[in-house]
There are 2 protein chains.
Amino acid sequence: MKLSEKKLLKKKEQILFSALEIINKRGYSGATMEEIAADLFMTKGSLYYYFKNKSDLMYQCHNFVLSHAIEDLEAILQHEKGSAADILKKMIEIHLEYAIDEKEVFNLIMDPKLYFNEEQLELVLKLRKKYENLFHEIIIRGIQNKEFHIAEPSIVRMIMLGAMNWVQQWYNPEGRLSKEDVITIYLEYIMKILM
Amino acid sequence: MKLSEKKLLKKKEQILFSALEIINKRGYSGATMEEIAADLFMTKGSLYYYFKNKSDLMYQCHNFVLSHAIEDLEAILQHEKGSAADILKKMIEIHLEYAIDEKEVFNLIMDPKLYFNEEQLELVLKLRKKYENLFHEIIIRGIQNKEFHIAEPSIVRMIMLGAMNWVQQWYNPEGRLSKEDVITIYLEYIMKILM
DNA sequence: TTAAAAATTAAATCTGGATTCAATAAAATG
DNA sequence: CATTTTATTGAATCCAGATTTAATTTTTAA
């Protein structure tokens, strides 16, 4: 790879990181090309040298975080050895950490229709489906195991995901509970659903 | 009240209902003054004779539905006689019905910062808090009753609300499950959390 | 060193609605 | 009926950002 290509990629990455930061601060709609550029001491015009348009950049950000989350879950799902319950717990923990630490970018609550074009939307939905599926897998495994006793794994999965995503609507790091507290408590109550 | 005032109120109400419909079809951002007016064979200009601006109209809509939901819950909370569990179940049922039937207007997932001004935002947040509080009350009642055995009622409430609100992200009336099915299943699993 | 390629810039333009407004039309009122 | 009040209209304006562009600067590489 030529030097110039490397530089291009590096710059793209810097912009991506800047965008991630701004999105986490202002949300997808609040993030302006202006502010993303200013963060790197550039002018908004030059962002278009690296990204086709705003929705392209937003998409890359969402994708970036979501893909990492998927990787993290897959790693656990494939390599962790414990019971289905233990693996699921680990997955919940990871999900909650993303939901809290990457509040806005990892925002599975936001309506992707608002920020992405048709093509991107399709990919995002596919990725979200894939993400959900990892939870589905472990739930099914637990049922087959006889660890979990539930008749509607899909609904249970949705209940769990909804409960977890909601954390970003109310959690305040300055509040009574630390992130770790919240995770512990969520784990306790969410796992009850499966019994 | 003068006739003209009555007419004014009636027209306002018509616009409100038109807006409710359009919002449920297109979401808050997708709803344009144009389309809301067209629905009543008016031009967008005249909407401003009745409402200060779009965010005013959107706010009235959100408020309208949320207030009705609160009334419904209050009625049950105050007059229903059964156990805390029974009352809570009834409340969950109502919540899910709003979340499904008024998918977009009764959208507690959407970020109110995006659509309302500061003053409206404050009122909306207050109303949401009030709504949440009704669930809090019954949970506390159940704990005091010894019906529920949980140490973190606030978190449990958030878990329940998140799970319920999420229904509007995935539920499809054309799918395998009827609204009634979903409610039944949700009830079963959500109530487990409290045991 | 120098020509080509890559990167940046500031300013102009575009955009999709919301919002305003002056001119009418319709309705109420006395 | 005449006048005032209420309601509606279409066209003009505004607006916040996104996007484009042509000109300029910087970097690369022979």
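In what follows, chains carry the letters A, B, and so on, assigned in the order in which the sequence lines appear, proteins first and then strands, with residues in each chain numbered from 1.
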**OP:** Answer with base, sugar-phosphate or nothing: what part of the nucleic acid does B:Ser46 contact at a heavy-atom distance below 4.0 Å?
**Re:** base
Subject >> B:Lys12 to B:Phe51, cation-pi by 6.0 Å centre distance and 45° axis angle >> reply: yes
Original post:
Who passes side-chain contact (heavy atoms from CB on, under 4.5 Å) against A:Glu152, sequence neighbours left out?
Top reply: A:Ile155, B:Arg176, B:Ile185, B:Tyr189
**OP:** Give the rounded distance in Å between these two atoms: CE of B:Met33 and C1' of D:dT9.
**Re:** 15 Å
Do any side-chain atoms of residues 135-148 of chain B form donor-acceptor pairs under 3.5 angstrom with protein atoms, and if so which ones, sequence neighbours left out?
| from | atom 1 | to | atom 2 | distance (Å) |
| --- | --- | --- | --- | --- |
| B:His136 | ND1 | B:Arg157 | NH1 | 2.8 |
| B:Arg141 | NH2 | B:Leu77 | O | 3.4 |
| B:Asn145 | ND2 | B:Glu147 | OE2 | 2.3 |
| B:Glu147 | OE1 | B:Ala84 | N | 3.3 |
| B:Glu147 | OE1 | B:Ala85 | N | 3.0 |
| B:Glu147 | OE2 | B:Ala84 | N | 2.7 |

Original post:
Please give, in whole Å, the distance from D:dT19 P to A:Asn117 CG?
Top reply: 11 Å
Subject >> Residue whose nearest DNA chain C nucleotide is more 5′ - A:Lys44 or A:Tyr50 >> reply: A:Tyr50
Subject >> Whole-Å distance separating the NZ atom of B:Lys54 from the C1' atom of D:dA16 >> reply: 15 Å
Original post:
With a 4.0 Å cut-off on heavy atoms, is A:Lys11 in touch with a base, just the backbone sugar-phosphate, or nothing at all?
Top reply: sugar-phosphate
**OP:** Determine: side-chain N/O of B:Tyr49 to OP1/OP2 of D:dT8, distance under 4.0 Å, yes or no.
**Re:** no
**OP:** Give a yes or no on whether B:Glu122 atom CD has more than 12 heavy-atom contacts from other residues, nucleotides or ligands under 6.0 Å away.
**Re:** no
Subject >> Sugar-phosphate only, base, or nothing, as touched by A:Ala31 at under 4.0 Å among non-hydrogen atoms >> reply: sugar-phosphate
